[in-house]
Novice: 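Take this structure first; my questions come after.
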Amino acid sequence: MTLFPQAGTRVAKLTALGIGVAFMATACGGSSTPTATESSATAEAAGIACPATEGSGGAAASQPAETPSVPPSTGATETPLRIGSLLPTTGSLAFLGPPEIAGVNLGIDEVNKAGGVLGKPVEVIHRDSGDTKTDIATQSTSALLGQGVSAIIGAASSGVSKTVINQITGAGVIQFSPANTSPDFTTWDDNGLYWRTAPSDVLQGKVLGNYMATCGAQTVGMIVLNDAYGTGLASNIKSAFEAAGGQVVAEELFNEGDSQFSSQVDKVIAAQPDAIALITFDQAKSIVPLMTGKGVKPTQMFLVDGNTSDYSKDFQPGTLKGARGTIPGTFAQDDFKKKLLAIDPALKDYSYAGESYDAVNLIALAAEAAQSTKGVDIAAKLKEVSEGGEKCTSYAACVTLIREGKDADYDGQSGPVTFSDAGDPTEAYIGIYEYQDDNKYTAVKEEFGQL
């Protein structure tokens, strides 16, 4: 894949921010972390034993049961705010499309019920992002730009976003991803127009690397998608695991579009790791049966946000029982799930629904604060509506503050939202999940971290 230039206006700001990750997480418990020089025989005999489930509580903001009375906008616009979505309905991340699209639609619905933006209803146009095997994203982006959108929510895949980010931001339009996690975007030369509600993989990688160590793994093998998402996340997992005293004994790559994974599986298993991290998209549907067929236990498997999905219709019961996975963002709350199901009754996963919903609210609030529906004007207010001021957890509550001349600080369904100058969340939750006998996952615990 061709990568675009990344050095630019945000590099100095990133340096000022720093890249250290400070964790304020609940204690994991368990024994002391083993060193890489110890034999894996002990761990192999005892097996992987992750800390006990702590429950499915969440840290997402609760919302008012009813929309409060909202004062009319103090501004007006001839051009209504028009938002496009560039989210996957086909390709290797298609399972993420439904919850993300539902999150966008729920956000649009609630914004419009609260009176819209600058006196007009917000419009939304959905387009498929596909994946990096196709040119769908470029075609969809051209169509959205041709329809005069001020912001595009997407893509889900970091690799896909890299193919369109210059096209979007170069047109003076905001690109706001609910799911991009590649650290590369932090320093991208985007004219201040790229934003995201998903934290960089610096955070997810640190959480998963440390978590595998707390589960007793002394050695880890990895099967990794060879793209910006896969290799970036793998690098951060490896750094964290090795810092915890572990050793990565195998790291096998594959490319998007590959359909045969026996070679990678055989090489990883031959290294006899205590745990195996699968950093893939839906290729996991092919990889998991290969591993279990060769004696790998599900409790040895650790998944990531690209493949932590509902596999109840894909595998025999028990295939993934005990496997763990990580997804950025706090656990979806029951009231939020009910609202999403009212939008799309067929939803099975809720991954990045909160981040997508928050993206809509933040764009709408920034437009109201800017008294403009132009992308560059909205971008200039996104940081303002995410920090300081009075806490609020819905568009209606926040826009009321703005229209009363007060400073609103939006916290959303993905957790606290505070942006850096680079457009990244400076604090976020990473959810850890465990698969049950039906091959569906349930919440285990959350780790909170700051970048």
Novice: Have a look at Tyr441 and tell me which of Asp310, Asp349, Thr308 forms a side chain to side chain donor-acceptor pair (under 3.5 Å) with it.
Specialist: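 The option that passes is Asp349.
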Novice: Can you classify the ring geometry of Tyr194 versus Phe185 as parallel (below 30°), tilted (30 to 60°) or perpendicular (above 60°)?
Specialist: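 Plane angle under 30°, so parallel.
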Novice: When you compare the side chain of Ile378 with that of Leu81, does any pair of heavy atoms fall below 4.5 Å?
Specialist: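 Heavy-atom side-chain distance check passes, below 4.5 Å.
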Novice: List for me each residue that meets side chain to side chain contact (heavy atoms under 4.5 Å, CB included) alongside Asp438, sequence neighbours excluded, and say none if there are none.
Specialist: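 For Asp438, the residues satisfying side chain to side chain contact (heavy atoms under 4.5 Å, CB included) (neighbours in sequence not counted) are Gln436, Lys440.
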Novice: Count the heavy atoms belonging to other residues, nucleotides or ligands that lie under 6.0 Å from NZ of Lys321, then report whether that count exceeds 12.
Specialist: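 Not more than 12 within 6.0 Å, no.
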Novice: Please lay out, stage by stage, how Lys113 and Asp109 fare under the test salt bridge (Lys or Arg N to Asp or Glu O under 4.0 Å).
Specialist: CA-CA 6 Å; Lys113 283 181 178 176; Asp109 182 58; 3.2 Å; yes
Novice: Taking only residues two or more places apart in sequence or in another chain, which ones pass side chain to side chain contact (heavy atoms under 4.5 Å, CB included) with Ser140?
Specialist: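 By the side chain to side chain contact (heavy atoms under 4.5 Å, CB included) rule, Ser140 matches Leu86, Arg127, Ile136.
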Novice: Who pairs with Ser142 by side chain to side chain donor-acceptor pair (under 3.5 Å), at least two apart in sequence or on another chain?
Specialist: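 Scan of Ser142 (side chain to side chain donor-acceptor pair (under 3.5 Å), adjacent residues dropped) gives Gln167.
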Novice: Please report the closest heavy-atom contact between Val70 and Ala396, naming both atoms and the distance.
Specialist: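 Nearest heavy atoms, Val70 then Ala396: CG2-CB, 3.8 Å.
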Novice: The test is side chain to side chain donor-acceptor pair (under 3.5 Å); show your working for Asp128 and Thr89 and say whether it passes.
Specialist: CA-CA 6 Å; Asp128 180 23; Thr89 56; 3.1 Å; yes
Novice: Listed by chain and number, what are the side chain to side chain donor-acceptor pair (under 3.5 Å) partners of Thr326, not counting sequence neighbours?
Specialist: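 Residues passing side chain to side chain donor-acceptor pair (under 3.5 Å) with Thr326: Gln204.
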Novice: Do Met291 and Val268 have side chains that get closer than 4.5 Å, going by heavy atoms?
Specialist: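 A side-chain contact under 4.5 Å is absent here.
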Novice: Please determine, by modelled atom types, if Glu110 and Ser394 share a side-chain donor-acceptor pair under 3.5 angstrom.
Specialist: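 Per modelled atom types, Glu110 and Ser394 side chains form no pair under 3.5 Å.
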Novice: Quick one: does Leu145's side chain get under 4.5 Å of Ile152's, heavy atoms only?
Specialist: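 In short, these two side chains touch, coming nearer than 4.5 Å.
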Novice: Any salt bridge between Asp335 and Lys339, counting N to O under 4.0 Å?
Specialist: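 Answer for the salt bridge query: no.
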Novice: Do the side chains of Pro88 and Asp131 get nearer than 4.5 Å, heavy atoms only?
Specialist: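 No. Closest side-chain heavy atoms not under 4.5 Å.
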Novice: With Ala353, which residues qualify under side chain to side chain contact (heavy atoms under 4.5 Å, CB included), at least two apart?
Specialist: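 With neighbours one apart ignored, the set is Pro99, Phe336, Leu340.
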Novice: Please assess Phe281 against Phe95 for the test ring-ring contact (aromatic ring centres under 6.0 Å, His included), listing each intermediate value before the final yes or no.
Specialist: CA-CA 9 Å; Phe281 293 149; Phe95 77 92; 8.1 Å; no
Novice: Contact between Leu362 and Val385 at the side-chain level, heavy atoms closer than 4.5 Å - yes or no?
Specialist: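 Yes, close enough: below the 4.5 Å cut-off.
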Novice: Rounded to the nearest 0.5 Å, what separation is found between the NZ atom of Lys206 and the CG atom of Asn236?
Specialist: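 Going from the NZ atom of Lys206 to the CG atom of Asn236 covers 9.5 Å.
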Novice: Measuring from atom CG of Leu401 to atom CD of Glu368, what distance do you get when rounded to the nearest 0.5 angstrom?
Specialist: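 CD of Glu368 is found 12.0 Å from CG of Leu401.
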Novice: List the residues meeting side chain to side chain donor-acceptor pair (under 3.5 Å) with Glu256, not counting sequence neighbours, and say none if there are none.
Specialist: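 Ser92, Gln283.
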Novice: Measure the spacing between OH of Tyr410 and CG of Asn361 and express it to the nearest 0.5 Å.
Specialist: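 One gets 4.0 Å once the value is rounded to the nearest 0.5 Å.
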Novice: Take Ser182 and Lys162 through the side chain to side chain contact (heavy atoms under 4.5 Å, CB included) test and state the conclusion after the steps.
Specialist: CA-CA 10 Å; Ser182 171; Lys162 285 189 174 186; 4.3 Å; yes
Novice: In a check of side chain to side chain donor-acceptor pair (under 3.5 Å) between Asp201 and each of Thr231, Thr181, Asn180, which one passes?
Specialist: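 Passing option: Thr181.
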Novice: Between Ser263 and Phe254, is any pair of side-chain heavy atoms under 4.5 Å apart?
Specialist: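 Of all side-chain heavy-atom pairs linking Phe254 with Ser263, none is under 4.5 Å.
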Novice: For a side chain to side chain contact (heavy atoms under 4.5 Å, CB included) check, start with the C-alpha distance between Cys50 and Phe302, then their side-chain angles and the critical distance, and finish with the verdict.
Specialist: CA-CA 11 Å; Cys50 293; Phe302 292 83; 4.0 Å; yes
Novice: Could you tell me whether the side chains of Asp358 and Ser414 share a donor-acceptor contact shorter than 3.5 Å?
Specialist: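 Note: Asp358 and Ser414 side chains meet the donor-acceptor criterion.
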Novice: Should we count NZ of Lys120 as having more than 12 external heavy atoms under 6.0 Å?
Specialist: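 Count over threshold, so yes.
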Novice: For the pair Val288 and Leu278, evaluate side chain to side chain contact (heavy atoms under 4.5 Å, CB included) and give the outcome as yes or no after the intermediate values.
Specialist: CA-CA 9 Å; Val288 167; Leu278 298 181; 3.9 Å; yes
Novice: Would a 4.5 Å heavy-atom cut-off, applied to side chains only, mark Leu203 and Pro425 as touching?
Specialist: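 A side-chain contact under 4.5 Å is absent here.
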Novice: Any side-chain donor paired with an acceptor under 3.5 Å for Asn307 and Thr280?
Specialist: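 There is such a pair (donor and acceptor under 3.5 Å, judged by atom type) between the side chains of Asn307 and Thr280.
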Novice: Apply the test side chain to side chain contact (heavy atoms under 4.5 Å, CB included) to residues Ile174 and Leu382: give CA-CA distance (whole Å), side-chain angles for both, the deciding distance (0.1 Å), then the verdict.
Specialist: CA-CA 10 Å; Ile174 293 169; Leu382 279 168; 4.3 Å; yes
Novice: Do the non-hydrogen side-chain atoms of Asn210 and Glu447 ever get within less than 4.5 Å of each other?
Specialist: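 Heavy-atom side-chain distance check fails, nothing below 4.5 Å.
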